[in-house]
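Just so it is clear, the model here is predicted, and its values are computed rather than measured. Nothing fancy with the numbering, it's 1 onward along the sequence. Every number for a ligand or one of its atoms is a count from 1 in the order of the listing.
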Amino acid sequence: MISIKDKIVVITGASSGIGAACAKVFAQAGAKLILVARRQERLQELADELSKFSCQLHLLSLDVRDRASVESAFSSLSNAWSDVDILINNAGLSRGLNKLHEGNIQDWEEMIDTNIKGLLYCTRYLVPGMVNRGKGHVVNLGSIAGHQTYPGGNVYCASKAAVKSLNEGLKQDLLGTPVRVTSVDPGLVETEFSQVRFHGDSDRAQKVYQGLTPLTPEDIADVIFFCVTRPAHVNISEVLLVPTDQATATLVNRRV
Ligand code: NDP
Ligand code: 8X3
């Protein structure tokens with residue numbers, strides 16, 4: 001098992017859900033964390049919570065859709081922080097569940113710009129350093145939605161299918177280097193995801209998880225931690241994990 005102690009770990013989308021859970025697991029293991037999200041106050045709250053682990057933190061209030069900001073934020077890191085070992089491309093969102101021909105184009109752009117382009121900007125900036133230093137690991141948050149399209153999921157599912165393709169492509173392009181690439185692809189995880197999807201409609205968001213036991217953000221963080229701590233010759237390329245109450249993107253066991 002590889003030690004995470006003092007490894008520099010970038011987590012995008014750390015202000016909530018899966019990203020925040022990853023921050024806790026990696027902080028506990030003694031990593032040096034660069035926490036990225038747009039909501040500075042949420043990052044600060046998380047940082048206060050993580051202070052009990054006495055780990056080193058660097059907060060980056062950043063919109064991953066903004067290429068210039070991504071480049072400027074990462075290029076401004078001091079020597080103590082610039083040699084990133086692990087990039088967790090987690091920032092992402094869904095917007096709406098409309099039929100494609102009735103879709104909101106602004107929602108599409110937000111998903112494509114965040115889930116695909118934001119992931120690409122962070123990867124493009126940070127992976128060359130990993131290659132030069134001869135070590136590194138990129139973890140991409142895909143989804144069951146990237147494996148199976150569900151009604152109304154259209155653009156979100158396409159964005160996660162793109163993550164699946166980019167994960168495969170990056171693995172191929174890094175062959176011959178020690179840099180590892182993993183896609184962690186969950187089914188239903190209860191986070192702020194559905195609140196964001198339904199633009200703050202909490203009742204509708206809650207119904208997504210009603211009557212079943214969803215995955216927790218901690219379940220996903222555990223899997224990510226497992227993937228990055230395998231011995232250097234082991235690359236877990238893809239993990240699809242779903243709740244026991246979920247069989248496919250559309251087939252779930254609801255008890256009410
Ligand atoms: P949350 O809504 O709880 O968290 C999403 C995180 O992404 C937040 O920290 C948010 O921070 C950040 N984020 C969104 N847009 C941007 C942006 N433009 N720039 C920087 N950060 C951004 O959802 P989850 O934790 O569930 O989602 C995390 C990832 O997991 C996503 O990629 C999602 O697609 C994926 N996923 C989620 C599943 C689920 O069922 N929940 C299942 C499968 C995959 P802020 O708003 O402060 O910027
Ligand atoms: C999130 C899981 O099924 O809501 O990617 O799209 S799902």
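Taking every heavy atom of E192 and a limit of under 4.0 angstrom, the matching atoms of ligand 1 come to 2 (O), 3 (O). If you number the atoms of ligand 1 from 1 as listed, the ones under 4.0 Å from a heavy atom of G17 come out as 3 (O), 25 (O). For ligand 2, the atoms sitting less than 4.0 Å from at least one non-hydrogen atom of Y156 are 1 (C), 5 (O), 6 (O), numbered in the order shown with element in parentheses.
Residue-ligand proximity: G187 is placed with a non-hydrogen atom under 4.0 Å from ligand 1. By the 4.0 Å heavy-atom criterion, T114 is counted among the residues contacting ligand 1. Every heavy atom of T12 sits 4.0 Å or more from the atoms of ligand 1.
Taking the six-membered ring where the residue is Trp, W81 and H58 present tilted rings, their angle falling between 30° and 60°.
The protein heavy atom nearest to atom 19 (N) of ligand 1 is V64 N, 3.0 Å. Among all non-hydrogen protein atoms, the one lying nearest atom 4 (O) of ligand 2 is F193 CE2, 3.6 Å. Summary of contacts: the protein heavy atom closest to atom 7 (S) of ligand 2 is Y150 OH, 3.6 Å. From the protein, the heavy atom lying nearest to atom 2 (C) of ligand 2 is S143 OG, 3.7 Å.
Counting heavy-atom neighbours within 6.0 Å of R42 CZ, excluding the residue itself, gives a total above 12.
Note: the hydrophobic cluster containing V239 also contains M1 (ILVMFWY, side chain heavy atoms under 4.5 Å, direct or indirect links).
Residue contacts with ligand 1 for Q195 are absent, since no atom lies close enough (heavy atoms, distance under 4.0 Å).
Taking the six-membered ring for Trp and the full ring otherwise, Y156 and Y150 have centroids separated by 6.0 Å or more.
When I88, L46, I11 are each tested for a side chain to side chain contact (heavy atoms under 4.5 Å, CB included) with L33, only one passes: I11.
Within the cation-pi definition used here (under 6.0 Å to the ring centroid, within 45° of the axis), R197 does not qualify as a partner of F193.
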